[in-house]
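So the structure is just underneath, and the comments pick up after that.
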Amino acid sequence: MNYHIEAQSKRRIRIRLKRTQITEEEARILEYAFSGMPGVTKVTVYRPTGGCALEFDCGADEIRNRLDRFRFENVNLLAEEEKQRISVSEMKSRKLDEQLKTKLRLRILAETVADIAMPMPIQVGYHLWQLVTLKNL
């Protein structure tokens with residue numbers, strides 16, 4: 001068991017994890033995982049103290065059993081994977097490589113020439129095929 005119960009009432013339980021702080025990634029994962037438990041109506045994660053509060057509409061014994069079965073080590077694993085991902089703000093700040101820009105320009109030019117040269121039914125069929133297969137997206 002990687003937690004202990006701080007407080008418990010009829011419809012709410014507050015737990016504290018064995019660690020002192022929770023990272024932002026771990027907090028998101030815990031909130032998602034706990035809110036997916038049947039019977040849990042609200043989840044609050046307290047990052048600085050390493051605690052969580054669960055409000056529920058089922059029995060407290062059932063929630064404790066689910067918490068006992070919960071694999072907290074998976075939260076750490078998923079949080080490490082999440083840290084390695086590129087954030088949206090970082091993606092927006094990055095610039096495209098010149099070779100990639102040239103390749104994209106040539107591809108757009110080739111598509112334009114093909115659209116001008118091909119008859120309309122073939123153009124529509126080709127673009128529908130691209131939409132259906134989501135090719136190169």
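Residue indices begin at 1 and follow the sequence shown.
Across every non-hydrogen atom of C52 and V45, the tightest pair is SG-CG2, 4.1 Å. In terms of heavy atoms, M37 sits closest to L67 at CE-CD2, 4.2 Å. Across all their heavy atoms, R11 and D57 have their closest contact at NH1-C, 3.6 Å. Minimum interatomic distance between P38 and I63 (heavy atoms only, all atoms of both residues): O-CD1, 4.5 Å. Of all heavy-atom pairs between Q21 and P48, the closest is CG-O, 3.4 Å. Nearest heavy-atom pair across G39 and R66 is N-NH1, 4.5 Å.
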Please step through salt bridge (Lys or Arg N to Asp or Glu O under 4.0 Å) for the pair R28 and E31, ending with a clear verdict. CA-CA 5 Å; R28 276 194 305 242; E31 187 171 351; over 6 Å; no
Pair I22-V75, side chain to side chain contact (heavy atoms under 4.5 Å, CB included): steps then yes or no: CA-CA 10 Å; I22 299 174; V75 173; over 6 Å; no
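Between F56 and E62 the shortest side-chain heavy-atom distance does not fall below 4.5 Å. Inter-residue side-chain proximity for E6 and H4 is flagged as met; some heavy-atom pair is nearer than 4.5 Å. Side-chain atoms of H127 and D115, non-hydrogen and from C-beta on, do get closer than 4.5 Å to each other. Side-chain contact between N2 and E73 is present, with at least one heavy-atom pair separated by less than 4.5 Å.
Expressed to the nearest 0.5 Å, how far CG of L100 lies from CG of L104 amounts to 4.5 Å. Taking CD1 of I29 as the start and CD of E24 as the end, the distance is 11.0 Å to the nearest 0.5 Å. Taking OG1 from T102 and CZ from R107, the interatomic distance works out to 15.0 Å, rounded to the nearest 0.5 Å.
Tracing side-chain contacts under 4.5 Å through hydrophobic residues (I, L, V, M, F, W, Y), one reaches L54 starting from I5; they form part of the same cluster. Both M120 and L128 belong to a single network of hydrophobic side chains, linked directly or stepwise wherever heavy atoms of I, L, V, M, F, W or Y lie under 4.5 Å apart.
Chaining together hydrophobic side chains whose heavy atoms lie under 4.5 Å apart leaves Y46 on its own.
Ring geometry for F34 versus F72: interplanar angle over 60°, hence perpendicular rather than tilted (30 to 60°).
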